[in-house]
Each structure stands twice: as structure tokens, then as C-alpha cells.
There are 2 protein chains.
Amino acid sequence: MVNLKERKEKILQILLHHYIRTGQPVGSKTVAENYDLGLSPATIRNCFAELEEEGYLTHPYTSAGRIPTDKGYRFYVDSLIEIQQIVVKEEERIRHEYYLRLKRLEDILNYTSYLLARLSHYAGFVFSPKWERNVLQSVNFAPAGENKLLVTLLTKSGLVKYSLLDNERNIDEERLRRLSRILNRMFSGFSLAELSEKIYQEIDREEKKEIEYFKLAKRFLGQLLFSEGKEDIYLEGMNNIFNMPEFKDNKKLSDLFKFIEEKKFFFSWLKKELNSIVKKMKSEKELTNSNWINKRVKVTIGSETPFPEMRDCSVVTSVYEMDEQPVGFLGILGPKRMEYPQMISVVSFISQLVENVLQGGNYLKGESKKSRSNHPK
Amino acid sequence: MVNLKERKEKILQILLHHYIRTGQPVGSKTVAENYDLGLSPATIRNCFAELEEEGYLTHPYTSAGRIPTDKGYRFYVDSLIEIQQIVVKEEERIRHEYYLRLKRLEDILNYTSYLLARLSHYAGFVFSPKWERNVLQSVNFAPAGENKLLVTLLTKSGLVKYSLLDNERNIDEERLRRLSRILNRMFSGFSLAELSEKIYQEIDREEKKEIEYFKLAKRFLGQLLFSEGKEDIYLEGMNNIFNMPEFKDNKKLSDLFKFIEEKKFFFSWLKKELNSIVKKMKSEKELTNSNWINKRVKVTIGSETPFPEMRDCSVVTSVYEMDEQPVGFLGILGPKRMEYPQMISVVSFISQLVENVLQGGNYLKGESKKSRSNHPK
DNA sequence: TTTTAGCACTCTCCTAATCAAAGTGCTAAA
DNA sequence: TTTAGCACTTTGATTAGGAGAGTGCTAAAA
């Protein structure tokens, strides 16, 4: 990162701050009058010109005030903003809501995306925890009418996946129960990724008389594990984007909306992007444990994505973990001109909260320890 | 319904037709030139004036062409449009998709809303089947970690509801299994509404030794039935509304969006409205069995809802049935100026398709008959 | 050498003015 | 009862002008 002279930095910061608040291009006079730098507009003009030359600022037309470029935003986010741990007013009520009312993972994630939207006044999104990283709590096979059975799969984090399967003949309850028991004994505590591997290997090592069950298990679970690979995205509050003056041009708004609703494009890009961050995180983790909470929050500004539709937007994301493994992402999407300090704080807060709820012993009381000891090395 | 003179009706129809296509106010000259009525613009002007006086037309300013009022739209929809059974191009592929790939109710409904949006080019929505009308297939209790159990509830239509429940102590598997069996024996084939009633009554009549199980059942199912009362709404394709010229005014669009995303208001109104239609349907059913398919499609135009945000929109809805009981609604939401004949056709087609998939023996093969005989009179 | 004051210049935004186009309502003729 | 003719109204697009805001440059001041 280039080391700008201190005064220049100060001016850049002021400009960003002001521009984010007002949305209007900022002129030299405005800066001189409203912030007490002891400098005349002319001096500030010179400074502006330099900053523009270096690529931090631009002006929309020959003689308007300056607005930051993406590079300017980036510098601001990386080195100029003071991280302020904002106090979320309703913190207590929110925690309460989580612990009391929300049991199912779907509900938790849904509420979380809603919450992100409400606290940020922008759009909130949550990726469901990575399916394959989830640790199996139990499998259950139950008869479900003629030639049908219902397979439910419960993970430690409270995620339930189910599937209705066909079989060419009825399997009696007793055998289904036996099947459930065997699988639970063998695989409880394994991650689902391990499960889908093992289910194809382990067969050979088992006693002959169980082999029939394994064939069944292979068939049933194979279907379920295979079909359930995709992860859900919870997205809420896109309507908040409507109020933003940067989208008063209808075309832009429309493009953005269509683009976002086509979840696959943007979010899968984001996921890939974040996965690489996660790797970096891991290696850094030992070194700088102090600033961790905010280090794992990632800000992506406008053209840092390859998508033209996102050119006026920024995304603040955070990883959330389960069993000390990063398993999912959540964050907010808003205009580039957003209040980054607050947003970073909100995302960070929520992400920690989700982690607590998902694994911190608050959600499945007393479970987490036991489960971890179960977990094979 | 007032009986307008035939020529007037013809002109009204032409105007509607033209206006819906172009979105521009229609003038007398346009009508005279493009449709051959053998009438001069002046005559048509006179006719317009009469129609306006009667409330079917209006003009946005002193001297533009005419546009229909809501009353005009209503007359058009009720008596002027010819119902045309449009051929959905991909009909075969769509059926295939339903029967092959979609097993879980959630997936079906989700796909349906997507399909409605795609075929209509507007927004599509689906109400999940009324919870209490669903017929129980089976209940299953499974242990789910320390002091927890997983209750799953499967209905004949393939709807699965589940809940993770706390209990102050562990209940061993054997007892849970016994509980499941008892409940299945007693309640399989009953609707969930009946179930939630019976579960509170039946206790007394049973043998003493089962009473403990009933207490458990009451507690567990009570929680599940109570908490799961709300129905889901699947909504897709709101972005299609963006292209509509009537919403080029950003404020309107924004209002509509916020209003619709606040699902409760509009959709709960719609539900109430439709429920009353359903009652009327029932009594008419015996009489006019012929035109039935389209009779159960309902069009709601702009100000026929009490919501100002909906003033430029229309909704085409259809009831869908299970076991000959209306259980849910689906439809599309678009601008008032929509191609009603096609839309009615699309909604009608999809609603029949959904019925087939949900109950017609295609979804749970061979189940429906047996289940119905199980069903207590 | 750095900062400041002064001034000409540029560009946007707002308003008013003008003009063609579209369509009506009315009157009188067919 | 229908039609032709014509004056009238309103919109929308275009143009022009002027105020406002802010810059860049130059020369003076610190």
C-alpha cells in the first residue's frame, strides 16, 4: 500500500466520510468550511488534484466536486476507517429471540438474513452451512406408505435433510430400524463428507450378514447425499436498495435486481472468493489473534467483482464457523456508498451470534463437547 | 351486468385489446384505421364519450386517447375475452420435470412458482397446501441426541414437517418407537385438523397403560402442530415487473415491492378473499360442471383490492385441490394491463398440473385410493 | 518553497418558451 | 344516424438562457 502523506490521507478520509453521508460530490470549499484543517480551499484543491492523479478520486464532470474511485474506497476501508464496535440497541432482545424461539436451522438462517437486512438497512444474505462439513447426529429410516420410505438425516447443528425414496418393494419396519441403528452406530460423529466416502468403502470390512443392509444404505443415502448437495441462500431486504439515490435510474436498479435474483452467478463467485480468504485466514490465525473478529470480515467494493451490475454496490461478508471449521458465509449487500464502519460491525456481531447459536453449547445444550470427543481424529 | 349495445361492446373490446398490447392511450382514429368496423373516427368518438360516461373508460388528460377504467377491465375480463386454451410449448418437458425430478412438496411448490413466473413473464406465487387439510400418512419419533428428539410428520401429499424437541430426560428408542406406532395406528388417514382435535379428546377412552404415551404425544405433537400452523408462500419473478412501463416511475415500483415483500398484508387478504370464492365454488360445482376449469380462476383487478399499492396491478389466481378439497392457491401477479386470456390459461393449466402431481396417483403411486378408504367417514 | 487569493472557464441543473403531434368536442352537413 | 371539418387542449420534445458550484491556473503573499 502506498504511503500517502498524512495530510492527504486526512483529506481523503474527510472526503469519503462526507461523500458517504451526503451522496453529493464534495468540493474544496465544503471541506475547508466544515472540517477544521486550517487550510484554504485552494490548497485543498491542489491536494485533490494530486489524489486524483494517483487514482483515489475522480470527478463526474469537469467541474463538479470530487468523488472517490474504487481505489479510494479500498484505501478508506483498509486503512482509514476506525473500527468502532457499535452497540446494537436491541442486542438483548435479539439474543433472546435466537435462543428462545428458533430451533430449526432454516428458521435461524432465515431470521439471520432478516436481521442483517434490518440492522443494516440494506440487503442481508446468509449461506447455509456447508453440507459436507456438517457432522452427523443421526439417521432415521421410516416407512412412508406403500413402497416408500422417509429418510431423515439430522446433523449436530440442527440441520435436517429428508427425502422420500422409492423402493421396489416394502421393507418392514423392523429392518428399517435395524438399518438406522447400524448406520448410527457407525457414522454418528462423522462429517457428511466422510460419510459419503465411507459408505462406499466400509462395506468390505463388515461381517457378511450385514452386507444386505449396506447395500440398502448405499442406495438410500446415496440418493439423499447426492441430491442434497446444493446449499441454500437466504436473501432478505432487497427492497431497501430502492431508497438509494444511486439507483434512482431505473435501468441500473432493474439490472442489479435481475442479477441478484439469478443467485447462482454472483453468490457462487462470492463463495469461491471467500473460500480463498478462508485459507489465508487459517494461516494468519495463529499470528494475530487480537484483531481477529474484524479480520475475518471481508469488504468487496464495486468493480472488485467481475460483474458490471455490481459496479455501484459493495458487499460486507463474514465467515462463520462450526466446530472451529469455517462452514458458511453471511453478510450484507448495499450501495458502494455505505457506512462501512457500522456495517462491518453489524456483520461481525451477527456472525458471532450465529456461531454461538449454532455450536456454542447454547443451541444443543451440552452436546458439543460430547460430540467432539466422539469425532474421530 | 349492464347489457351494452353490441357495437359498443365491440369497441370496448378492441380498445382493451389494443391498449393491453401497446400501453398507449387509444384514440378514435387508431381504432377506425386498424380494425375494420366500417365506422368513422367521429362515430367512434361518440361511442367513446358514452362509454366514458358509463364509467368504462377515462382519459388521462383532456385530449389524449382513452384508457380503460377498472370497471372497463372488469367487463372485459368477465364477458369480452374469449378463453383460449393456449398451448404451452414445453408442456411435455414441464410434466416430465414434475414427475421425474421433484419429490418433496417444497421443491414442487418452489418449481411451480418459478414456472408461473416464467410462463407469464410476471410474478408467480404459490400458497402451500393448507396445513390442517393435509391427511396424515405417518408420524415418527426418533432420538436426536441428549434430551432431544426429532419428530417428523409425513402427509399423504408428501409434505414433511419436523421439529426438534427438548425433553427433560432421555426417552429410550424402544419407547419412542412404540409411541410412533400407536399414533400411526390411531391417526393415519386423519387430517391434521382432526388430529389436533382428537389428540386432546381421545385420551380418556384408551386403556390405562397407554396413558403415559398419550401424555407424551400430546406434548410433542402439540408443540409441532401449534408451531407449524403458518403456511408458506412461494413467490418468484418479481423482477419481471421491472420491465413494465407502468412502473417506470420509481416510487410506484418501490412501493409495490415493499408492499409485496411484506407478504402478510396482501396475501392474507387474498387468501380470505379466495376462501369466500371457494364456498361459492362448492355450491356451483354441481350445476355447471362444464366450464369448471376456468370458473375457478379468479381475476382481481387493481382497485378491487383495498391496497393503493396494488392500483396498477392485477392478480390471476386459481384454487388447487387435494382429495377433492380446495387446499391452496396459486397464481400470477402482473400489471393491470396484462394479457388476460393467456394468463388465465396459464394459471389454469399450472393449477391442474399441480393437482395431478399432488394427488392424481402420479405423485404417490397407488396411494391415493388406499388412503381414501382408510379415511374415516 | 508552500500557501493563498483572484479570476476566467466549464459544466450541470432548472426554468421558461416554443412547436409539432395527437386527439377531442362541437357543429353542421350528408 | 353518421360523417366531415375545425377550433381547442394538452403533452412531450427541444431549445435557450441564467444561476450556481467548483475547478485550474496565475500571480502574489507568507
Side-chain angles (χ1 to χ4, degrees), chain A residues 4-12 14-19 21-69 72 245-246 248-250, chain B residues 4-12 14-19 21-69 72 245-246 248-250:
Chain A
L4 299 170
K5 263 225 300 289
E6 198 178 331
R7 198 183 60 193
K8 257 200 257 180
E9 283 190 10
K10 186 69 188 164
I11 286 176
L12 182 55
I14 285 172
L15 186 138
L16 261 296
H17 181 77
H18 196 91
Y19 179 67
R21 266 195 20 238
T22 64
Q24 299 299 318
V26 184
S28 53
K29 211 172 111 192
T30 316
V31 174
E33 278 173 6
N34 294 298
Y35 304 83
D36 210 33
L37 290 166
L39 294 174
S40 76
T43 315
I44 290 167
R45 268 207 295 285
N46 290 332
C47 192
F48 277 1
E50 289 173 47
L51 282 165
E52 181 161 357
E53 197 156 341
E54 292 164 56
Y56 295 99
L57 298 181
T58 186
H59 46 215
Y61 48 89
T62 319
S63 191
R66 297 308 208 290
I67 59 173
T69 60
E246 30 269 279
K248 70 169 189 285
D249 167 17
N250 216 298
Chain B
L4 298 171
K5 263 225 300 288
E6 198 177 331
R7 198 183 60 193
K8 256 200 257 179
E9 282 190 11
K10 186 70 187 162
I11 287 176
L12 182 54
I14 285 172
L15 186 137
L16 260 296
H17 181 76
H18 196 92
Y19 180 67
R21 267 194 18 237
T22 65
Q24 300 298 317
V26 184
S28 53
K29 211 173 108 193
T30 317
V31 173
E33 278 174 7
N34 293 298
Y35 302 84
D36 37 68
L37 291 167
L39 294 175
S40 76
T43 315
I44 291 166
R45 268 208 294 286
N46 289 333
C47 192
F48 277 0
E50 288 173 47
L51 282 165
E52 181 160 357
E53 197 157 339
E54 293 165 56
Y56 294 99
L57 298 180
T58 185
H59 45 215
Y61 49 88
T62 319
S63 191
R66 297 308 208 289
I67 59 173
T69 60
E246 29 269 279
K248 70 171 191 283
D249 168 16
N250 217 301

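Each chain gets a letter, A, B and so on, in the order its sequence line appears, and its residues count up from 1. Predicted model only: the values in this text are computed from it and were never measured.
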Among [options], find the nucleotide with the atom closest to the side chain of [X].
{"X": "B/His59", "options": "D/dT9, D/dT3, C/dG25", "answer": "C/dG25"}
{"X": "B/Arg45", "options": "D/dT10, D/dT2, C/dC26", "answer": "C/dC26"}
{"X": "A/Thr30", "options": "C/dT4, D/dT3, D/dG22", "answer": "D/dG22"}
{"X": "B/Thr62", "options": "C/dT3, D/dT10, C/dA5", "answer": "D/dT10"}
{"X": "A/Tyr61", "options": "C/dT10, C/dG25, C/dT12", "answer": "C/dT12"}
{"X": "B/Thr43", "options": "C/dA5, D/dT2, C/dT24", "answer": "D/dT2"}
{"X": "B/Arg7", "options": "D/dT23, D/dT2, D/dT3", "answer": "D/dT2"}

[X] [atom1] to [Y] [atom2] distance, which is reported to the nearest 0.5 Å:
{"X": "B/Asn34", "Y": "B/Lys29", "atom1": "CG", "atom2": "NZ", "result": "10.5 Å"}
{"X": "B/Arg7", "Y": "B/Leu39", "atom1": "CZ", "atom2": "CG", "result": "5.0 Å"}
{"X": "A/His18", "Y": "A/Tyr35", "atom1": "NE2", "atom2": "OH", "result": "5.0 Å"}
{"X": "A/Leu12", "Y": "A/Tyr19", "atom1": "CG", "atom2": "OH", "result": "13.5 Å"}

Among A/Glu53, A/Glu50, A/Glu52, which one satisfies salt bridge (charged side-chain N to carboxylate O under 4.0 Å, His left out) with A/Lys8?
->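 Filter result, single survivor: A/Glu50.
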Can you tell me how far [atom2] of [N] sits from [atom1] of [X], to the nearest Å?
{"X": "A/Arg66", "N": "D/dG22", "atom1": "CZ", "atom2": "C1'", "answer": "9 Å"}
{"X": "A/Ile11", "N": "C/dT3", "atom1": "CD1", "atom2": "P", "answer": "10 Å"}
{"X": "A/Tyr19", "N": "D/dG22", "atom1": "OH", "atom2": "C1'", "answer": "16 Å"}
{"X": "B/Asn46", "N": "D/dT2", "atom1": "CG", "atom2": "P", "answer": "9 Å"}
{"X": "A/Glu52", "N": "D/dC25", "atom1": "CD", "atom2": "P", "answer": "11 Å"}
{"X": "A/Lys29", "N": "D/dT23", "atom1": "NZ", "atom2": "P", "answer": "11 Å"}
{"X": "A/Leu57", "N": "D/dG24", "atom1": "CG", "atom2": "P", "answer": "11 Å"}
{"X": "A/Asn34", "N": "D/dG22", "atom1": "CG", "atom2": "P", "answer": "11 Å"}

Want to settle it: does B/Ala64 or B/Ala42 sit nearer the 5' end of DNA chain C, counting the closest nucleotide to each?
->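 Closest to the 5' end, via its nearest nucleotide, is B/Ala64.
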Closest-nucleotide 5' rank along DNA chain D - winner of B/Pro41 and B/Ser63 = B/Pro41
Taking a pair as Watson-Crick or G-U wobble with both distances under 3.5 Å, which nucleotide is matched to C/dA29?
->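 Here C/dA29 is engaged in a pair, and the nucleotide opposite it is D/dT2.
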